[in-house]
Amino acid sequence: MKRFLITCFTLVGLVVQLRAQSCLGVTMKAGAGFEVLSYNAKDKLTGRLLYTVKDVANDNGTMIMKMEVQSFDAKDKPQMTNSYQCRCKGNEFMVDMTSMMASQENPMMKDAKMTFTSNDLTYSDTYTVGSTLKDASLTGDGTMGGSMNVTYNLTLKNRKVASQESITVPAGTYNAYKVTADMSVATKTIVNLSFDFQAVSYRAPGVLWDIKTETYRKDKLMAYSVLSKVF
């Protein structure tokens, strides 16, 4: 009986180890996650995003995390729930660019039926000021109103590590790296719309998620978000 119990506990331990895997030195398992608070340029709270790891699996040496994101408005009323994937292999952490759509409600795309293709957003476990990061993009094709064709393009180019600085957010104080990029968003329907932004994200070793993000248009701050909780 004693040997049987030891065997059972050993098997349970192995299952836990398999389900809780490491990505860039960070242990990930189902139920883990983080919370982000969003603000406008006038520091007014505009919403909250809750990200949760729903499953962790391994596919030929690549760790795959299935993520769920829930959005809440400024009054903390639930708005929507979406999902996307993250992958981790070697010293790279890759985020499916559909997360850019999953974390925000786009009124223009609300009734569209789309198929998206992602060129993943990639991060490393080490950062050097002055270094460059890979471009990322999201393209989508579909229909709106049953017959009108829709094309969507989002690109992040010229990504580089601009500086290193101390950042304090509700989740804590971090020695973070400032990553800048040029972001373009274009939607083609009957009317073609295109916007250019400057995107800033602050990344810290040992944390998979953005510490803080900022969005600028023509060098004017439009909105920002901060990491408020990691669990």
Side-chain angles (χ1 to χ4, degrees), residues 36-47 49 51 69 71 73-74 79-80 82 84 86 93-124 127-144 148-165 167 169 176-203 209-227:
V36 171
L37 300 179
S38 301
Y39 296 86
N40 63 19
K42 296 182 179 180
D43 300 323
K44 182 179 179 180
L45 180 69
T46 57
L49 296 170
Y51 296 80
V69 54
S71 66
D73 64 15
Q79 296 299 297
M80 64 177 183
N82 282 311
Y84 65 97
C86 298
F93 176 54
M94 297 153 279
V95 181
D96 188 335
M97 282 287 285
T98 56
S99 64
M100 301 288 285
M101 298 293 292
S103 63
Q104 56 185 309
E105 185 174 3
N106 188 333
M108 294 183 59
M109 307 295 289
K110 184 177 180 181
D111 299 320
K113 295 182 179 179
M114 305 289 293
T115 299
F116 289 100
T117 301
S118 170
N119 178 20
D120 293 349
L121 184 64
T122 302
Y123 293 102
S124 174
Y127 299 92
T128 303
V129 175
S131 63
T132 58
L133 302 176
K134 296 178 182 178
D135 292 345
S137 63
L138 178 68
T139 58
D141 293 287
T143 58
M144 182 183 296
M148 184 170 61
N149 292 330
V150 181
T151 300
Y152 178 88
N153 287 282
L154 186 156
T155 60
L156 284 171
K157 295 183 177 181
N158 303 318
R159 298 177 65 220
K160 63 181 180 180
V161 182
S163 62
Q164 183 179 14
E165 53 193 89
I167 294 291
V169 295
Y177 290 86
K178 181 180 180 179
V179 178
T180 61
D182 295 324
M183 179 170 68
S184 297
V185 181
T187 304
K188 294 182 180 180
T189 53
I190 296 177
V191 178
N192 298 336
L193 298 174
S194 180
F195 300 94
D196 294 323
F197 303 92
Q198 296 80 48
V200 177
S201 64
Y202 293 86
R203 308 285 301 183
W209 326 114
D210 288 328
I211 306 302
K212 182 178 182 179
T213 67
E214 299 167 342
T215 302
Y216 296 83
R217 187 166 186 231
K218 296 180 180 179
D219 297 322
K220 181 180 179 180
L221 179 66
M222 305 296 292
Y224 69 95
S225 66
V226 293
L227 184 66

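- The nearest pair of heavy atoms linking F116 to G140 is CD2-CA, 3.6 Å.
- Residues passing the salt bridge (charged side-chain N to carboxylate O under 4.0 Å, His left out) test with D96: none are found, sequence neighbours excluded.
- A side-chain donor-acceptor contact under 3.5 Å links Q198 to the backbone of D219.
- Here the side chains of T187 and T151 are not in contact, with every heavy-atom distance at 4.5 Å or above.
- Counting all heavy atoms, side chain and backbone alike, A181 lies closest to L156 at CB-CD2, 4.2 Å.
- With sequence neighbours excluded, the residues satisfying salt bridge (charged side-chain N to carboxylate O under 4.0 Å, His left out) with R203 are D210.
- Once rounded to the nearest 0.5 Å, the distance linking CZ of F197 with CD of E214 reads 15.0 Å.
- Pairing each heavy atom of A199 with each of M183, the nearest pair is CB-CB, 4.4 Å.
- In this structure, Y84 and M100 have side chains that are not in contact, with every pair of non-hydrogen atoms separated by 4.5 Å or more.
- N40 and Y224 share no donor-acceptor pair across their side chains, judged by distance under 3.5 Å alone.
- Residues passing the side chain to side chain donor-acceptor pair (under 3.5 Å) test with N153, sequence neighbours excluded: none.
- Taking the side-chain contact (heavy atoms from CB on, under 4.5 Å) definition, one finds that N149 meets it with T143, sequence neighbours left out.
- Take Y216 and apply the ring-ring contact (aromatic ring centres under 6.0 Å, His included) test, not counting sequence neighbours, and it matches no residue.
- At least one side-chain heavy atom of Y123 sits less than 4.5 Å from a side-chain heavy atom of S201.
- Considering all non-hydrogen atoms of both residues, L221 and A41 come closest at O-CB, 3.2 Å.
- Among residues two or more places apart in sequence or in another chain, the salt bridge (charged side-chain N to carboxylate O under 4.0 Å, His left out) test is passed with K178 by none.
- The salt bridge (charged side-chain N to carboxylate O under 4.0 Å, His left out) search around K134 returns E92, not counting sequence neighbours.
- You'll find the side chain of T180 stays beyond 4.5 Å of the side chain of R159, heavy atoms only.
- Side-chain contact check for S225 and S38: no donor-acceptor pair (N or O, by modelled atom type) lies under 3.5 Å.
- Distance check, rounded to the nearest 0.5 Å: OG1 of T132 to NZ of K157 gives 14.5 Å.
- Listed by chain and residue number, S184 satisfy the side chain to side chain donor-acceptor pair (under 3.5 Å) test with D196 (two or more places apart in sequence, or in another chain).
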**OP:** Would you check, one step at a time, whether the test side-chain hydrogen bond (donor to acceptor under 3.5 Å, both in side chains) holds for T122 with D120?
**Re:** CA-CA 6 Å; T122 302; D120 293 349; over 6 Å; no

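- In this structure Y177 satisfies the ring-ring contact (aromatic ring centres under 6.0 Å, His included) test together with Y127, sequence neighbours excluded.
- Under the side-chain contact (heavy atoms from CB on, under 4.5 Å) criterion, M148 pairs with M144, T189, I190, sequence neighbours left out.
- The side chain to side chain donor-acceptor pair (under 3.5 Å) test applied to D135 returns no partner, not counting sequence neighbours.
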**OP:** Test side chain to side chain contact (heavy atoms under 4.5 Å, CB included) on L138 and Y152 and set out the steps.
**Re:** CA-CA 8 Å; L138 178 68; Y152 178 88; 4.2 Å; yes

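- Side-chain contact between M94 and L121: absent, with no pair of heavy atoms (C-beta onward) separated by less than 4.5 Å.
- In this structure, N192 has no side chain to side chain donor-acceptor pair (under 3.5 Å) partners at least two apart in sequence or on a different chain.
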